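Residue numbers start from 1 in every chain, and the chains themselves are labelled A, B, ... in the order their sequence lines are given, proteins ahead of strands. Below, all heavy atoms of this structure are taken into account, side chains as well, without hydrogens, waters or symmetry copies. Nothing here was measured: the structure is a model prediction, and the numbers come from that model.
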Amino acid sequence: MNRNELAGMSASEAAKRLLGCELERELDGQTVRVRIVETEAYDETDAASHSYKGRTQRTDVMFGSAGHLYVYFTYGMHYCANVVVGNEGYGAAVLLRAAQPLEGEQLLERRRNGKTGVDITNGPAKLCQALAITKQLNGHNLEKTPLILRLRPALKESVIEQTTRIGISQAKEMPWRFYIRANPYISAK
DNA sequence: TGCCTGATGTTCT
DNA sequence: GAACATCAGGCAC
């Protein structure tokens with residue numbers, strides 16, 4: 001993964017750039033690969049972002065260098081995974097909302113308690129559960145095992161759908177959710 | 001199909 | 001002490 005590429009981007013540019021890219025996870029001695037199909041952009045000018053209120057112990061990773069993983073815990077039981085983007089010192093990240101299994105799907109199904117098909121990874125917390133992403137991986141460098149982000153050629157604008165974000169209470173009007181058009185693995189609207 | 005609610009930890013006010 | 005970038009299960013329609 002070329003970290004410099006993500007460092008030079010705004011959160012919304014990076015959110016689009018990450019669509020179609022792949023995550024490779026080492027899990028139980030197996031390799032699992034998924035393709036990112038849905039993202040949301042957050043940065044420190046954005047009232048819905050954790051970095052909006054400044055750098056704290058919790059959000060420290062978001063202000064760090066691009067290409068690292070920011071994991072946070074929410075609603076008492078769920079984790080969500082973000083890819084840190086932008087320049088160091090600027091609090092920006094891209095939330096990974098949904099992905100499409102490419103390899104190791106059976107292992108993902110097991111981890112999701114027998115859920116199958118699109119239900120395995122069509123939501124940010126589901127994705128984390130399936131890929132065993134917990135706060136242990138907060139701050140993880142995505143160039144290294146056991147979780148590697150592999151960039152793929154940027155998708156054409158024509159296959160990217162852009163809408164407002166989901167599941168937030170602040171700055172709902174910002175059209176910073178992106179997903180691959182007509183992909184069944186995106187989360188519910 | 002679609003609303004309602006319970007589960008439940010961490011962070012910040 | 002409240003808010004929170006959620007999910008799954010239950011029940012009404």
Side-chain angles (χ1 to χ4, degrees), chain A residues 6 9-19 21 23 34 36-64 66 68-86 90-101 108-140 142 147 149 160-180 183-189:
Chain A
L6 292 176
M9 289 183 180
S10 70
S12 55
E13 284 171 337
K16 280 192 279 190
R17 184 65 187 83
L18 288 172
L19 289 177
C21 296
L23 281 173
V34 300
I36 299 167
V37 299
E38 182 179 349
T39 59
E40 282 181 7
Y42 290 88
D43 77 19
E44 64 182 59
T45 66
D46 168 14
S49 169
H50 288 172
S51 58
Y52 181 65
K53 290 175 184 161
R55 194 167 187 161
T56 66
Q57 190 174 21
R58 176 204 203 187
T59 61
D60 198 51
V61 174
M62 258 183 105
F63 290 83
H68 287 241
L69 191 68
Y70 170 51
V71 181
Y72 65 87
F73 194 82
T74 189
Y75 292 103
M77 45 196 331
H78 297 296
Y79 292 101
C80 294
N82 302 249
V83 177
V84 177
V85 300
Y90 186 75
V94 174
L95 171 68
L96 305 179
R97 284 199 61 90
Q100 171 180 9
L108 296 178
E109 286 177 359
R110 271 208 304 280
R111 288 203 50 81
R112 292 277 297 124
N113 303 316
K115 292 285 192 301
T116 57
V118 300
D119 218 26
I120 306 174
T121 50
N122 66 344
K126 299 179 187 181
L127 184 61
C128 284
Q129 187 185 2
L131 293 179
I133 294 174
T134 69
K135 67 178 182 183
Q136 309 288 319
L137 284 171
N138 189 32
H140 172 72
L142 289 167
L147 182 64
L149 175 64
I160 297 176
E161 199 79 52
Q162 178 172 6
T163 68
T164 52
R165 292 173 295 184
I166 294 178
I168 56 174
S169 52
Q170 301 288 315
K172 294 179 185 171
E173 69 284 358
M174 303 299 281
W176 282 359
R177 171 175 175 243
F178 303 91
Y179 59 90
I180 298 177
N183 188 293
Y185 287 86
I186 61 171
S187 61
K189 287 184 184 166

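Within residues 126-135 of chain A, the residues that place at least one heavy atom under 4.0 Å from DNA chain B are, in residue-number order, A:K135.
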Show each protein N/O and nucleotides 11-13 of chain B N/O combination with a separation under 3.5 Å, one pair to a line.
unit_1, atom_1, unit_2, atom_2, d
B:dC12, OP1, A:T56, OG1, 2.3

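The salt bridge (Lys or Arg N to Asp or Glu O under 4.0 Å) analysis of residues 47-63 of chain A, with sequence neighbours excluded, yields the pairs A:R55-A:D60. Residue pairs that meet the salt bridge (Lys or Arg N to Asp or Glu O under 4.0 Å) test with at least one member in residues 118-133 of chain A, sequence neighbours left out, are A:D119-A:K126.
The salt bridge (Lys or Arg N to Asp or Glu O under 4.0 Å) check on A:R111 picks up nothing, with sequence neighbours excluded. Under the salt bridge (Lys or Arg N to Asp or Glu O under 4.0 Å) criterion, A:E161 pairs with A:R181, sequence neighbours left out. With sequence neighbours left out, A:T164 forms a side-chain hydrogen bond (donor to acceptor under 3.5 Å, both in side chains) with no residue at all. Scored by the ring-ring contact (aromatic ring centres under 6.0 Å, His included) test, A:Y185 finds no partners at all (sequence neighbours excluded). Remark: A:T74 pairs with no residue by the side-chain hydrogen bond (donor to acceptor under 3.5 Å, both in side chains) rule, at least two apart or across chains. Scanning for ring-ring contact (aromatic ring centres under 6.0 Å, His included) contacts around A:Y90 gives an empty result, with sequence neighbours left out.
Side-chain contact between A:F178 and A:Q162: present, with at least one pair of heavy atoms (C-beta onward) separated by less than 4.5 Å.
Scanning DNA chain C 5' to 3' for nucleotides with an atom closer than 4.0 angstrom to a non-hydrogen atom of chain A gives a first and last hit of C:dC4 to C:dA8.
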Bracket notation of DNA chain B in which parentheses pair within the strand, [ ] cross earlier pairs, and | pairs with another strand (Watson-Crick or G-U, under 3.5 Å): |||||||.||||.
